[in-house]
Protein chains: 2
Amino acid sequence: MARKTGSHSEITGPRIRAEASRLFARHGFAAVSMRQIAAAVGVQAGALYLYTPDKEALLFDLLKTHMEELLAAWHTEPKGAEPLEALERFVRFHIGFNLMRSEAVFLSYMELRNLSEANFAVIEGLRRAYETELEEILKAGQAAGALSVPDTKLATMAIIAMLTGVNTWYREGGRLSRDTVETIYWDMVRKAVGA
Amino acid sequence: MARKTGSHSEITGPRIRAEASRLFARHGFAAVSMRQIAAAVGVQAGALYLYTPDKEALLFDLLKTHMEELLAAWHTEPKGAEPLEALERFVRFHIGFNLMRSEAVFLSYMELRNLSEANFAVIEGLRRAYETELEEILKAGQAAGALSVPDTKLATMAIIAMLTGVNTWYREGGRLSRDTVETIYWDMVRKAVGA
DNA sequence: GTCTATAGCAGGATAGAC
DNA sequence: GTCTATCCTGCTATAGAC
């Protein structure tokens, strides 16, 4: 029997997260109301509180899940045997994954200040762990003489900023394919680290 | 005669912009109330409307002024005679200016979506004009054979993202001086463009 | 030019019916 | 699990006294 209202707990939770992510990315966390999220999902505002204790916890859940999936995805990538191979994999992985999850990436950069101190520290820790992955590649490459940078920490920050920047201008169906963009950026990174 | 309340139009206007900039950068445009800004300035909320027609116009004024000052400052820089000299000047200028105006830079990246369509277009135009300055340097360098990039447009975006990223981690009094950071980044940029 | 006061509305979150 | 109704708070912006 069809009915207007009923139980949908398995589907409503994910839909709330998806719509919240979309709305937060588009308008900003503070500018989006619980009523707007509820309307996008197709439920009443009160129903959201069955799935999250409050608005901030909803944001935290989105950011934490994203960062954990980013790290998990990177860890399943085949490791390059040589340092330059590992670096190329990182460059391509970062661009590819970030374009695939552009909404969540955007949130992770823009909405950190809306987290409580404790929750901020958690996300910050995950971000640092990811950055360390790249820095270790650079250090290993430097030690092996496969590349040469003035400062591995600064090179790490520079490369990540450069790669993440792709998200600000890349549009599907534009002038260049994702793969071409990855290749061009890999070329610039390779040269930048003196390899 | 001293008095508690009175005329301060010459000083209140700039103070409103300064406090609004600080608060918007720290908490986000949507999360800051007109009451908070007024309290920081030391006036009542109603008084703000003598200086701005509404909250969005206040943000637009901050962003527009910043972008215009950025372009004006760049245009007063001595131009390099050779392409590589010009590129080095751009790199050092961008890092230096952005660190000096970190609040406004942050706003210009984070709060664009809180502008009306028309105001957004104005800021976007100024940003594009600035990017074009770098792209012209790269094109000239490419034509002169002083450097080699796969794509000047992508190299422009990559370099700007990389340089602007300094703002996310640089802290005065940290491990490296501003000048050292500029030199390290210039080294990476120079190599990245194959010079 | 600034103040106090307030109109008019929207927000987060909860209570209790179904 | 969802809905309706509501509490309480805070917001932008304006009116009118000083």
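In what follows, chains are A, B, ... by sequence order, proteins preceding strands, each numbered from 1. Keep in mind that this is a model prediction, so the values were computed, not measured.
- Taking atom CZ of residue B:Phe29 and atom P of nucleotide D:dC11, one finds them 13 Å apart after rounding to whole Å.
- For the atom pair CD of B:Glu77 and CZ of B:Phe90, the computed distance is 10.5 Å after rounding to the nearest 0.5 Å.
- Within a 6.0 Å radius of NZ in A:Lys191, more than 12 heavy atoms belonging to other residues, nucleotides or ligands are found.
- The neighbour count for A:Arg22 CZ, taken as heavy atoms of other residues, nucleotides or ligands under 6.0 Å away, is above 12.
- Atom CG in A:Asn114 sits roughly 12 Å away from atom P in C:dG12 (whole-Å rounding).
- Proximity of residues 32-40 of chain A to DNA chain C (heavy atom under 4.0 angstrom from any strand atom) is restricted to A:Val32, A:Ser33, A:Met34, A:Arg35.
- The aromatic rings of B:Tyr185 and B:Trp169 sit parallel to each other, their planes meeting at less than 30°, with 60° as the upper class boundary.
- At C:dG1, none of the side-chain N or O atoms of B:Thr12 fall inside 4.0 Å of OP1 or OP2 (strictly under the cut-off).
- Annotation: A:Glu56, atom CD; neighbour count of heavy atoms from other residues, nucleotides and ligands within 6.0 Å is above 12.
- A side-chain donor-acceptor contact under 3.5 Å links B:Ser21 and B:Glu103.
- For the atom pair A:Tyr49 OH and A:Leu58 CG, the distance stands at 9.5 Å (nearest 0.5 Å).
- Under the 30°/60° scheme for interplanar angles, the aromatic rings of A:His94 and A:Tyr130 are found to lie parallel.
- The stretch residues 44-59 of chain A touches DNA chain C through A:Gly46, A:Tyr49, A:Asp54, A:Lys55, each having a heavy atom within less than 4.0 Å of the strand.
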